[in-house]
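The structure appears right after this line, and notes come after that.
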Amino acid sequence: MQRSPALIKSLISSKILHSLPKSQTRTISRSCDVFINHRGIDTKRTVAGLLYNHLSGMGLKPFLDSQNMKPGDKLFDKIDKAILNSKLGVAVFSPRYCESYFCLHELALIMESKKRVIPIFCDVKPSQLRVKDYGICPAKELQRFTWALEEAKYTVGLTFDTDWSEFLRNASDAVMKNLLEVDVMEKILK
């Protein structure tokens, strides 16, 4: 019998939660399972948006700014909290990704908080990604962004091509496998 990814996640989560003392179950509660880091103008209506919808349909709680934020929300407060409370990050790299301070800030926070990250290279090769100094960002931030980008570039990821169904299947499989591993590690470390 084949089980759906949502059912598998639910079974594992319930086993993990029931095996922990009640005082620890509150710390497992997350505002989202997966934080989707992307440059909106490049991928919000394509790769990031479709991935969000697909993961939501599987019963997961992904975070995508356009879906989880409302007018009046403080950008850094809401986004930083979502990153810190997520289990893993998905970084959707596009040709103009590195031009966005917000993208690089989010990626750096994901890396600094030692979250697992799944890179998705959309119309860009890892070797093409570079932090550029436009003279408006402090040197310390540039160093932080460069470090995070290098860490992501040397993490096994996925390449988006024109086969949407295969991409969504591969991406959701990678997310599920990583979430299961994170859940197991959380259980072991508690």
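Heads up: numbering here begins at 1 and tracks the sequence.
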Original post:
Within the distance-only criterion (no hydrogens, no angle test), does the side chain of Lys153 pair as donor or acceptor with the backbone N or O of Ser127 below 3.5 angstrom?
Top reply: no
Original post:
What is the distance from atom CG of Asp65 to atom NZ of Lys70, rounded to the nearest 0.5 Å?
Top reply: 14.0 Å
Original post:
Closest heavy-atom contact between Ile79 and Met69?
Top reply: CG1-SD, 3.7 Å
Subject >> Approximate separation, where rounding is to 0.5 Å, of Lys114 NZ and Glu112 CD >> reply: 9.0 Å
Subject >> Distance, nearest 0.5 Å, that separates CG of Leu55 from CE of Met176 >> reply: 9.0 Å
**OP:** Using the six-membered ring wherever Trp is involved, compare the ring planes of Phe93 and Phe121 and label them parallel, tilted or perpendicular (cut-offs 30° and 60°).
**Re:** parallel
**OP:** Supply the atom-to-atom distance Lys81 NZ to Phe63 CZ, rounded to the nearest 0.5 angstrom.
**Re:** 10.5 Å
Subject >> Any donor-acceptor pair under 3.5 Å from Lys115 side chain to Lys87 backbone >> reply: no
Original post:
Checking Tyr97 side chain against Cys103 main chain: does a donor-acceptor pair fall under 3.5 Å?
Top reply: yes
Subject >> Where Pro119 and Thr155 come nearest, the two heavy atoms and their spacing >> reply: CG-O, 3.6 Å
**OP:** Kindly state each residue pair satisfying salt bridge (charged side-chain N to carboxylate O under 4.0 Å, His left out) with at least one member in residues 100-110, sequence neighbours excluded.
**Re:** none
Subject >> Within-4.5 Å side-chain heavy-atom neighbours: His38 and Ser94 >> reply: no
Original post:
CG of Leu60 to NE2 of His54: how many Å apart, nearest 0.5 Å?
Top reply: 9.5 Å
Subject >> Nearest heavy-atom neighbours spanning Leu142 and Cys137 >> reply: CD1-O, 3.8 Å
Subject >> Check: Asp73 side chain, Leu75 main-chain N or O, donor-acceptor pair, under 3.5 Å >> reply: no
**OP:** Flag the pair Phe145 / Tyr101 as yes when their ring centroid distance falls below 6.0 Å, and as no otherwise.
**Re:** yes
Original post:
For Gln143, does the CD atom sit with more than 12 other heavy atoms under 6.0 Å from it, leaving out its own atoms?
Top reply: no
Original post:
How long is the gap from CG on Leu149 to CG on Leu104, to the nearest 0.5 Å?
Top reply: 6.5 Å
Original post:
Between Ala171 and Leu51, which heavy-atom pair has the shortest distance, and what is it?
Top reply: CB-CD1, 3.8 Å
Original post:
Which heavy-atom pair separates Cys122 from Pro95 by the least distance, and what is that distance?
Top reply: O-CD, 3.6 Å
Original post:
Between Ser100 (side chain) and Arg96 (backbone), is there a donor-acceptor pair under 3.5 Å?
Top reply: no
Original post:
Of all heavy-atom pairs between Tyr52 and Asn68, which one has the smallest distance, and what is that distance?
Top reply: CE1-OD1, 3.7 Å
Original post:
Any donor and acceptor pair, going by atom type alone, linking the side chain of Asp33 with main-chain N or O of Lys61 inside 3.5 Å?
Top reply: yes
Original post:
Under 4.5 Å between any side-chain heavy atoms of Asn37 and Val90, yes or no?
Top reply: no
**OP:** List the steps and the verdict of ring pair (Phe, Tyr, Trp, His ring centres under 6.0 Å) for Phe102 and Phe76.
**Re:** CA-CA 9 Å; Phe102 291 103; Phe76 287 110; 5.5 Å; yes
Original post:
Do Cys32 and Asn85 touch side chain to side chain, with heavy atoms closer than 4.5 Å?
Top reply: no
Original post:
Short question: side chain of Gln128, backbone of Lys125 - any donor-acceptor pair under 3.5 Å?
Top reply: yes
Subject >> Non-neighbouring partners of Lys177 that pass side-chain contact (heavy atoms from CB on, under 4.5 Å), sequence neighbours left out >> reply: none
Original post:
Are Val117 and Leu88 close enough that some pair of their side-chain heavy atoms sits under 4.5 Å apart?
Top reply: no
